Amino acid sequence: MSPDIASNVASSPVAVVGTVALLLAYALAAWCVAAGVAGNARKSRRLVLSAVWGLYGFFALIGLASALIIYAFVTHDYSIKYIASVSDTTMSLSYKITAFWGGLDGSLLFWVLMLSVFSTIAVATNHRRHRDMIGYVVGTVMVVQVFFLSLLVFTKNPFATFLTQPPVDGQGLNPLLQNYWMVIHPPSLYIGYVSATIPFAFGVAALASGRLDDLWLSSVRSWMLVCFFFLSLGLILGGRWAYEELGWGGYWAWDPVENAGLLPWFTAVAFLHSVVVQEQRGMLKAWNLLLVIITFFLTIFGTFMTRAGIVQSVHAFGEDNVLAVQFVLFLGVILIGSLGLLVYRSNKLSSANTFESFISREFAFLMNNWILLACAFFVGFVTMFPTFTEAFVNERAAVKPEFFNHWMTPLGLTLLFLAGAAPLLAWRRTTRERLYSQFLFPTAVAVVTVVGLAVLWAPSRVTTAVFVETVSLPMPLVNFGLVAFVLASIGQEFWRGVAVRRRQTGSDPFTSLIGLVLNKRRKYGGYVIHLGIAVMFLGFGGKAWDTMVDKVIPLPEASLKEQGKPLKDAWFTVRDYEFHYEDLDQVADDHKVAVTAKLSLWRNGEKLADMRPARWDFRKGEQPTTEIDIHSRLDEDVYLCLTGFDLESRQAVLRIYINPLINWVWLGFVLLALGTFICLIPQRVVDSVSAAPKTRTGRVADVAILVGALLAMTLLSVNVARADTPDEGPVRVAQAGLEHADEGGLGKLGHDDGVGYAHLYRPNSPTAERLMKELICMCGGCKRETLFACKCPVAAEKRARVLEMLAGMDLSTAAGREKASTSVIDAFVKEYGGEDVLGTPRSKVSWLVPSLAVIGGLGLLFGVVRTWVKRGRTQVASAAPAVEDDELAERLDDELRNTD
Amino acid sequence: MTSSETPIEPAPTGGNGTSATEPVSAVEPAAAPAPTAAPRAQIPLGLAVTGGVLIVGWLFIAFIHGFHLTVATVVLSIGWLAVVSAAYFVLRTATAAADDAVAVDDWWRPTGARDELEREKKSLLKAMKEIDFDHEMGKMSDADAQELLRVYRSRALAVLKAIDALDSGGPRSVQDEIDRELRARMALSGPAKKTKAKRAPKRGAGADAASEPAASEKENAR
């Protein structure tokens, strides 16, 4: 028994009761596994019912443990180690409660709590419909709970107490986590992860019981939508937090832990699409089961990555080999168990229908699934690549964000195309005439957009690397063309849909639109989600021509006035913006010393905003924090970061980012949220709104209330995602990468007074810039940013070295530049004893494996589907019409007439 | 208050021989009343005891916090609710496991079979409307739309047939026969006999076994 349980429980009644609750829950979970599985296998009603009641009891016990943890936080019970490690008396109540999931132990308990809530709801609403498999559902969920509880009970007990005198005060929550985002971001991701367990449980139960009709799908579709929404929300919030708080001007850097949330998102999206094919055509049954298994597997894999320390990330909890082994074993059990069942039942998963044409909605959905799986494979492989290289060749490779972008850009654009094309295709096959009539308008809009932008807007002609550095294409143009295609395609769907509905019902356009959306919620809600994705891609496209500039401004206007110097020296220009450096202020209080640069932003002689980037040094904290200031516009953001200053001379060092189109990413999410809510509207609500007879006023009121509720939920999501970090927050977020290490050499520049290093030794040639974007800063404090982006003194020193090495080389010819690049890279590899200093692995495996997977996968897809298509055409030709009963046919026609 | 004066509502059941250890779902449609598993008086008593324990605990929590409503009080009250709930559910887990009633085959069939068929019928009708809609939007040719509609129609007709079979009392289990007989006799007799019938003993192993002789009596009578 772990010392945590045996020795340390005496001092706190809360700890005693909490530990007992966990132990009881563990025992009950084990009983539920045994009773549930045996109950369904042996058709024992009592065992099945016992398992169901046990699940509810488990929920109550975990609720008790959670309540006790929160009670301990609120009452400052520092005899409990976990409370002492993540809380202190100065924290506000909201942060004390959110500290529940702030550390590893508490986050595991939070996971168990969320899963117990969801499983209770799922079982309570489904156990009568699925009596012949509910025992398996309970058993599967409880296997997961047993695993997590074994971690809690045996190694990570959140109720473990101190052996000796407990501390008077706690250590407090990491300042990085004490902000608005911490309340929302982790729970939303956890909810997304945990909700994928329910479809998995039903899928396994369907396989175990042999009930492989579509019934289990209807129980899990909404859960997967919930999973999709919360993963999306968690990812967007993470991006927004990174943009607002971390000061590197971006929102997504393919951090391993961020990628861990993206992997199940890909497969959840794939499932939501392919389930439509199963419902409509009875196809892809095995595929859907595989997707729920893979999605669940990836949620556990993501948790494993975050908690076991196998990846390097600012998000990771830290290295824990024992935990890593436990997770690996559990992942093995999941895979072997569920895939084994899938193979066992494979003969029951065939479909009477098959593909009849490549130009069909079924094939478009299948293609969509393959691309999504390819994305998941690529991101997963490259994320784990450093771990693989460390394990197999004893050298941890690094992968810079650009490597991901080279691949994910073309894959993402393919998905974007399918988002617009699939709705235009028909089930089974689309004839040439139909293809022409459906694709004409969206294609024309896309072509006009591309041509117009290419001629009129220079930034759209920027080329970016695709797949490899040497292949460069105008991807922004392709992106914008496809965005226009999707917008036109979805717009056409709405337009024609409303027209058809008007013809069918005789109602006005607005009523027809509402009726269309409410009665075909999944379809048109999905279209709204597609619109959201297209808008997000519009935002992604702006990255291709963003600007980053480091500026040193010796004196503010206030000082220039004092010294009688020309005031124009306080002005500087970046692109078409003018910045006026007014003053540098220092303010001190009990908590911190704040140095703020006062600037104003101008354009074409018009003042746009006052900007106040700052640096705060907390008296309690170890690391200074950076306060970004952003002026947001619909077309671009102006983003200011104070990277250094000199209080004596009042010199300011600023890093300025101009981020085109970035706000469309957040706006796109709003549409995505709205679309998801539309899909989730229950049938009962639709029935109540569309019940007749009603007056016109009553109908309008019903619709207005429903639309209002949808908008309110969407705006709530928006509000959650907004970056309104309160000014009166006690602690601000530390900026990763800001002067986190001083290895000497540049110490003479005054590290302690915050002069800053970001502006030093900037590249003076494209070759230098390319090299600085390829080499990783090895200081160990940042999240492996490149020398180009990192603001620390180590990065500055290495930039100086790059410039020094290039100074004596011939950069006038392509061959000379290539030779220079190679020699600099070789020198750095030699200095650091490995290739982990490189942002792009030189190993061919890093790109060969994904290439083979993607190309091979597509080849396999086409080959297999070609066989199916041939078979499908034969089947259709040989199918004979059935004879109908007249009375039944008449009834069916009546019911069809009354169906909306 | 006597049993003859006080009509007591039957416990919610699935109409397929479920016992009172069955968890109750709010989604479950109303089914034919069946004899309950526990004596009527125990259910209000159980609820009363649970409620009493809950209230006493909350009062104690409030007392030790000086009757001040704080976050700690609220959290601890939620904890006490969790304790009482856990005790209740663990008890039900144990009693369910110890319940030696043999489930008839019907219990394993999902309840609300007719509801499932209705659901499937609505789904097929919607799919047919969808095809019709896509056809009107110009995505599908006439031939393809008719072909797909034909497939869905034949499935929908099969579902209608299955619904009719259920409604007209098609193939039924022995348990369903007993339920129908009981309902018919209750409808014929007065309220007193109805009340008496509602307080029939728990449907356990004996009931299932008893259904066999009842069925065979019926068979003999024919």
Side-chain angles (χ1 to χ4, degrees), chain A residues 24 28 31 35 43-47 49-50 52-54 56-57 60-61 63-64 67-68 70-71 74-75 93 124-125 127-132 215 218 279-280 424-431 434 437-438 496-497 500 503-504 520 523 876 881-882 884-885 888-889 891-892 895-896 899-900, chain B residues 14 19 21-23 25-28 71-72 75-76 78-79 82-83 85-86 88-90 92-94 96-103 107-112 116 119 121-123 125-131 133-134 136-141 144 147-148 150 153-154 156-157 160-161 164:
Chain A
L24 283 175
L28 194 56
W31 165 253
K43 285 209 159 182
S44 168
R45 184 183 71 171
R46 62 190 180 96
L47 288 179
L49 290 178
S50 180
V52 172
W53 282 115
Y56 300 155
L61 286 167
L64 171 63
L68 288 172
I70 294 175
Y71 180 76
V74 167
T75 56
L93 178 65
T125 52
H127 77 272
R128 285 180 189 260
R129 289 180 72 204
H130 298 288
R131 274 195 182 143
D132 51 347
L215 199 61
S218 60
E279 289 170 348
Q280 199 75 16
L424 303 177
L425 299 172
W427 293 107
R428 293 184 72 198
R429 57 176 165 259
T430 309
T431 59
R434 307 286 162 177
S437 73
Q438 293 294 315
R496 291 186 178 180
V500 168
R503 271 202 306 275
Q504 290 177 343
K520 299 181 192 304
K523 186 176 185 177
V876 168
E884 287 186 0
D885 180 306
L888 279 178
R891 265 179 56 200
L892 180 63
E895 297 222 29
L896 202 55
T899 301
D900 199 351
Chain B
S19 74
T21 55
E22 179 90 25
S25 166
V27 179
E28 181 60 27
V71 174
V75 171
L76 215 50
I78 293 170
V83 168
S85 307
Y88 172 75
F89 289 130
V90 169
R92 295 304 288 264
T93 304
D99 179 9
D100 56 1
V102 173
W107 192 86
W108 296 103
R109 272 201 270 124
T111 56
E116 288 296 334
R119 220 189 309 251
K121 183 189 77 176
K122 277 186 188 155
S123 165
L125 289 171
K126 274 193 172 288
M128 290 165 73
K129 280 292 204 185
E130 186 69 29
I131 291 163
F133 199 84
D134 275 357
E136 288 214 35
M137 280 184 70
K139 289 185 193 173
M140 294 179 89
S141 64
D144 282 344
E147 176 65 30
L148 271 176
R150 187 179 59 77
R153 269 188 81 85
S154 64
L157 288 169
L160 279 177
K161 216 170 178 179
D164 284 348

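Naming convention: chains lettered A, B, ... in sequence-line order (proteins, then strands); numbering from 1 in each chain. This is a predicted model, so every value here is computed, not measured.
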Give the member of [options] that has the highest number of heavy-atom pairs under 4.5 Å with chain B.
options                              : answer
A:Trp31, A:Tyr71, A:Trp427           : A:Tyr71
A:Thr75, A:Leu64, A:Thr430           : A:Leu64
A:Ser50, A:Gly497, A:Ala426, A:Ala67 : A:Ser50
A:Val500, A:Leu24, A:Leu424          : A:Val500

Starting at [atom1] of [X], measure out to [atom2] of [Y] and round the result to the nearest 0.5 Å.
X        : Y        : atom1 : atom2 : result
A:Glu279 : B:Lys126 : CD    : NZ    : 12.5 Å
A:Arg496 : B:Asp134 : CZ    : CG    : 11.5 Å
A:Arg428 : B:Met140 : CZ    : CE    : 7.0 Å
B:Arg153 : A:Leu888 : CZ    : CG    : 10.0 Å
B:Leu125 : A:Glu895 : CG    : CD    : 6.0 Å

For [X] and [Y], which heavy atoms make the closest approach, and how far apart are they?
X        : Y        : result
A:Leu425 : B:Lys139 : O-CD, 4.1 Å
A:Ala60  : B:Ala82  : O-CB, 3.4 Å
A:Gln438 : B:Met137 : NE2-O, 3.3 Å

Side chain to side chain, B:Arg92 and A:Tyr56, heavy atoms closer than 4.5 Å: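 No; the side chains remain at least 4.5 Å from each other.
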Could you check if a side-chain atom of A:Ile70 sits within less than 4.5 angstrom of a side-chain atom of B:Ile78, using non-hydrogen atoms only?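 Side chain of A:Ile70 against side chain of B:Ile78, heavy atoms only: no contact under 4.5 Å found.
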If I measure from the heavy atoms of chain B, does A:Leu896 come under 4.5 Å with its side chain, its backbone, both, or neither?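 For A:Leu896, the contact with chain B is made by backbone and side chain together.
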Less than 4.5 Å to any heavy atom of chain B: does that hold for the side chain of A:Gln280, its backbone, both, or neither?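 It is both, since atoms from each part get that close.
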For B:Ser141, which residues count as a side chain to side chain donor-acceptor pair (under 3.5 Å) partner, sequence neighbours excluded?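 Side chain to side chain donor-acceptor pair (under 3.5 Å) check on B:Ser141 returns B:Asp144.
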Check side chain to side chain donor-acceptor pair (under 3.5 Å) between B:Thr93 and all other residues, then give those that pass, not counting sequence neighbours.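 Not a single residue meets the side chain to side chain donor-acceptor pair (under 3.5 Å) criterion with B:Thr93.
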With chain A as the partner, which of B:Gly79, B:Ser85, B:Ala72 has the greatest number of non-hydrogen pairs under 4.5 Å?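 Of the candidates given, the most pairs with chain A belong to B:Ala72.
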What part of B:Lys122 gets within 4.5 angstrom of chain A, counting heavy atoms only: side chain, backbone, both, or neither?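 Interface part for B:Lys122: neither.
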